[in-house]
Visitor: 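Below is the structure I would like to discuss, written out as structure tokens.
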Amino acid sequence: MDVRTIDEDEIIPWTAAVGVGFLRVPDDSKENREKRLAHWRERADLARTRGAYDGDRCVGTFRSFATGLTVPGGAIVPVSAITNVTVSPTHRRRGLLTEMMRLDLADAAARGEMLAILIAAEYRIYGRFGFGVATEYQKFTLDMLRTDFVPDAPVEEGGRVELVTPEEVAELGPPLHEEFRGLRAGAIGRTALWWGNYTGLNPSPANPAPPRFHAIYRDPSGKVAGLVSYRTDDHWDEFVPKVTLTVDSLLALTPAAEFALWRFCASVDYVEKIEAADRSPDELLPMLLTDPRAITTQTRRDFVWTRILDAPAAFSARTYGARDRLVVEVSDDLGYAAGRFAIDGGLDGGTCVPTGEPAELALDVATLGALYLGSGSPVRLAVAGRISELSPGAAERAEALLRTPREPWCPDWF
């Protein structure tokens with residue numbers, strides 16, 4: 001078995017192996033091969049794209065890319081985003097994933113990337129590599145027959161919603177998203193290729209975006225402060241419309257922009273219900289309704305997992321919810337974040353440095369990653385035995401120090 005980075009001549013068999021891993025029968029037509037080759041030439045950094053080989057056959061895949069992750073306080077830190085991880089069913093239990101992960105994490109640490117992040121298709125795999133759940137998402141349905149908005153919902157006189165074309169989204173969306181991501185811990189960057197795929201202007205050959213409507217919200221000054229993208233079905237029952245509107249993305253810089261876009265979606269003719277996936281775990285929408293039971297939550301699940309590679313740099317980059325100094329002992333089988341650290345933080349920032357002082361809390365690196373963006377409860381984790389409290393009251397102090405007023409949220413799959 002051989003694990004190595006791939007070259008351009010190996011893109012086609014590598015993408016075929018990705019398809020096998022994700023249970024997609026490869027389309028080997030000449031047209032599809034040409035599209036895949038052009039797409040992955042633009043998308044993949046081949047120096048960060050690995051394959052596992054049994055002779056000449058690609059039987060495992062692994063890719064990462066550089067992006068920025070917003071942390072509490074609005075700083076954007078360099079991270080390695082891991083994706084396209086597969087091992088063919090003929091080659092499981094041979095250590096191929098472990099070897100690909102080991103190599104990629106070592107490279108990320110050498111580049112100075114503070115964390116690695118991923119979205120786990122299977123929950124039980126990645127904890128053993130030091131990843132912990134750092135953000136969640138929810139999916140919900142809004143029943144239009146029961147939907148009415150509270151009279152004191154945030155409204156800006158002179159704000160307006162406009163339908164826009166995919167071309168306009170490609171122009172207006174990126175600066176809006178850049179401003180949005182500075183406001184929400186957990187957000188990552190979006191590339192020009194991402195916008196091209198999302199709008200359908202430059203579709204992915206494997207996962208082309210469905211046709212969507214797009215609308216922006218302009219505040220009274222004319223600034224674009226929100227964007228919603230949605231699609232609808234065409235379901236009627238005996239001339240009675242029972243249409244479902246699916247919100248694929250809704251980003252807003254202000255509560256007024258967020259309310260205006262939800263109200264717009266709720267005003268579309270023929271719509272019986274609104275479905276929204278990949279939404280923030282602390283969505284504002286229920287608070288804007290006279291009857292919050294109009295919303296039914298289908299699921300709330302783990303989303304982005306984080307793996308701390310440089311604890312002093314990562315914890316020095318964020319802000320904190322209280323002024324305190326906490327000493328933690330971190331265990332890490334791979335060694336990157338192992339040690340004892342003093343986190344000295346406040347509302348305006350903080351520092352994290354190695355120390356020889358007695359530890360007040362002890363935890364593993366996966367639990368540390370789960371707490372990094374401000375989600376998770378040190379108190380509950382201590383009760384569950386995931387954190388060892390070595391000094392009385394240390395878990396409560398960690399709760400006040402690390403938790404954030406809004407839960408971290410990443411709107412994007414990667």
Side-chain angles (χ1 to χ4, degrees), residues 1-28 32-33 36-37 39-40 43-66 79-111 113 115-134 206-207 301-309 331-338 364-370 413-414:
M1 295 292 175
D2 179 29
V3 172
R4 55 179 171 76
T5 57
I6 71 170
D7 58 36
E8 190 170 303
D9 292 339
E10 296 171 308
I11 288 176
I12 294 301
W14 185 89
T15 57
V18 171
V20 169
F22 286 104
L23 307 182
R24 295 192 297 263
V25 177
D27 177 356
D28 206 36
N32 185 267
R33 288 166 65 93
R36 280 155 55 196
L37 186 58
H39 175 78
W40 286 97
R43 183 179 185 185
D45 180 348
L46 296 185
R48 303 178 66 139
T49 303
R50 286 186 167 86
Y53 289 86
D54 185 352
D56 293 332
R57 186 177 183 83
C58 186
V59 296
T61 63
F62 194 109
R63 183 173 72 88
S64 67
F65 62 93
V79 301
S80 175
I82 294 170
T83 186
N84 297 125
V85 179
T86 74
V87 175
S88 295
T90 53
H91 287 72
R92 298 182 65 207
R93 312 297 184 196
R94 303 192 192 185
L96 297 179
L97 171 58
T98 297
E99 179 65 5
M100 290 188 290
M101 181 68 77
R102 183 188 68 80
L103 292 169
D104 198 79
L105 291 180
D107 286 351
R111 285 189 294 263
E113 290 163 336
L115 302 94
I117 61 174
L118 55 79
I119 298 169
E122 296 182 71
Y123 195 97
R124 293 184 293 178
I125 292 176
Y126 294 100
R128 69 178 188 264
F129 300 113
F131 287 84
V133 177
N207 296 294
R301 295 190 182 275
D302 61 283
F303 197 51
V304 175
W305 297 50
T306 64
R307 206 282 182 211
I308 304 294
L309 295 172
S331 59
D332 181 355
D333 290 343
L334 298 183
Y336 296 109
D364 64 23
V365 66
T367 305
L368 185 72
W413 291 80
F414 58 89

Visitor: Under 4.5 Å between any side-chain heavy atoms of Asp45 and Phe65, yes or no?
Guide: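 A side-chain contact under 4.5 Å is absent here.
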
Visitor: Which pair of heavy atoms, one from Asp332 and one from Ala337, lies closest together, and at what distance?
Guide: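 Taking Asp332 first and Ala337 second, the nearest heavy atoms are OD2-N, 2.8 Å.
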
Visitor: For the residue pair Pro26 and Ala16, what are the closest heavy atoms and their distance?
Guide: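 So the two residues come closest at CG-O, 3.9 Å.
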
Visitor: Give the minimum heavy-atom separation between Leu115 and Leu309, together with the two atoms involved.
Guide: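 That would be C-CD1, 3.9 Å.
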
Visitor: Measure the OG1-CH2 distance between Thr83 and Trp413 for me, rounded to the nearest 0.5 Å.
Guide: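 Separation between the atoms: 10.5 Å.
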
Visitor: May I ask you to decide if Ala47's main-chain N or O and Thr5's side chain share a donor-acceptor pair within less than 3.5 Å?
Guide: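 Such a contact is absent between Thr5 side chain and Ala47 backbone.
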
Visitor: Considering only heavy atoms from C-beta outward, does the side chain of Val87 approach that of Arg93 to under 4.5 Å?
Guide: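 Not in contact.
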
Visitor: Short question: side chain of Arg36, backbone of Asp27 - any donor-acceptor pair under 3.5 Å?
Guide: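 Side chain of Arg36 to backbone of Asp27, a donor-acceptor pair under 3.5 Å: yes, one is there.
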
Visitor: If you look at every heavy atom in Ala134 and Gly369, which pair is closest and at what distance?
Guide: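 Smallest heavy-atom distance, with atoms named: CB-O, 3.7 Å.
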
Visitor: What I want to find out is whether Arg92 reaches Glu122 closely enough, with some N-O distance under 4.0 Å, to be called a salt bridge.
Guide: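 Not counted as a salt bridge, because no side-chain N and carboxylate O are separated by less than 4.0 Å.
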
Visitor: List the atom of Cys58, the atom of Gly51, and the distance in Å for their closest heavy-atom pair.
Guide: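 Of all heavy-atom pairs spanning Cys58 and Gly51, the closest is SG-CA, 4.3 Å.
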
Visitor: Taking the side chain as every heavy atom from C-beta outward, state whether Val3 and Leu103 have any atom pair closer than 4.5 Å.
Guide: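 In short, these two side chains touch, coming nearer than 4.5 Å.
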
Visitor: Measure the spacing between CG of Leu368 and CZ of Arg307 and express it to the nearest 0.5 Å.
Guide: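 Separation between the atoms: 10.0 Å.
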
Visitor: Measuring from atom CG of Asn32 to atom CD1 of Ile12, what distance do you get when rounded to the nearest 0.5 angstrom?
Guide: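 That separation rounds to 7.5 Å.
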
Visitor: Distance check, rounded to the nearest 0.5 Å: Phe414 atom CZ versus Arg63 atom CZ?
Guide: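 These two atoms lie 10.5 Å from each other.
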
Visitor: With side chains defined as the heavy atoms from C-beta onward, is the minimum distance between Tyr336 and Ile308 less than 4.5 Å?
Guide: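 No, every pair of side-chain atoms sits at 4.5 Å or beyond.
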
Visitor: Give a yes or no answer on whether the side chain of Thr61 reaches the backbone of Asn84 with a donor-acceptor pair at less than 3.5 Å.
Guide: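 Confirmed, Thr61 side chain pairs with Asn84 backbone.
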
Visitor: Indicate the atoms forming the closest heavy-atom contact of Phe131 with Ala116, along with that distance.
Guide: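 Minimum heavy-atom contact is CE2-O, 3.5 Å.
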
Visitor: Hey, mind stepping through Arg57 and Ser88 against side-chain hydrogen bond (donor to acceptor under 3.5 Å, both in side chains) and telling me if it holds?
Guide: CA-CA 11 Å; Arg57 186 177 183 83; Ser88 295; over 6 Å; no

Visitor: Would you say that Leu97 contacts Val85 through its side chain, given a criterion of any heavy-atom pair below 4.5 Å between the two side chains?
Guide: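 Yes - at least one pair of side-chain heavy atoms lies under 4.5 Å apart.
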
Visitor: Taking atom OG1 of Thr49 and atom CD1 of Ile11, what is their separation to the nearest 0.5 Å?
Guide: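 Between atom OG1 of Thr49 and atom CD1 of Ile11 there are 8.0 Å.
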
Visitor: Would you call Phe129 and Thr98 a side-chain contact if the rule is heavy atoms closer than 4.5 Å?
Guide: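 Result yes, sub-4.5 Å side-chain heavy-atom pair found.
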
Visitor: To the nearest 0.5 Å, how far apart are CD1 in Ile6 and CH2 in Trp14?
Guide: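 The distance works out to 6.0 Å.
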
Visitor: Quick one: does any side-chain atom of Glu99 pair with a main-chain N or O of Leu96 as donor and acceptor, under 3.5 Å?
Guide: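 No, Glu99 side chain to Leu96 backbone: no donor-acceptor pair under 3.5 Å.
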
Visitor: Have a look at Ser64 and tell me which of Arg50, Glu113, Arg48 forms a side-chain hydrogen bond (donor to acceptor under 3.5 Å, both in side chains) with it.
Guide: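 By the side-chain hydrogen bond (donor to acceptor under 3.5 Å, both in side chains) criterion, Ser64 pairs with just one of Arg50, Glu113, Arg48: Arg48.
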
Visitor: Taking CG in Asp56 as the centre, count heavy atoms belonging to other residues, nucleotides or ligands within less than 6.0 Å. Is the count above 12?
Guide: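 Incorrect, the count does not exceed 12.
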
Visitor: Got Met1 and Asp54 here, is their nearest side-chain heavy-atom distance under 4.5 Å?
Guide: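 Yes. Closest side-chain heavy atoms under 4.5 Å.
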
Visitor: Does atom CZ of Arg301 have more than 12 heavy-atom neighbours from other groups under 6.0 Å away?
Guide: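 It does not: Arg301 CZ has 12 such atoms or fewer within range.
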
Visitor: Met101 versus Ile82: any side-chain heavy-atom pair under 4.5 Å?
Guide: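 In short, these two side chains touch, coming nearer than 4.5 Å.
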
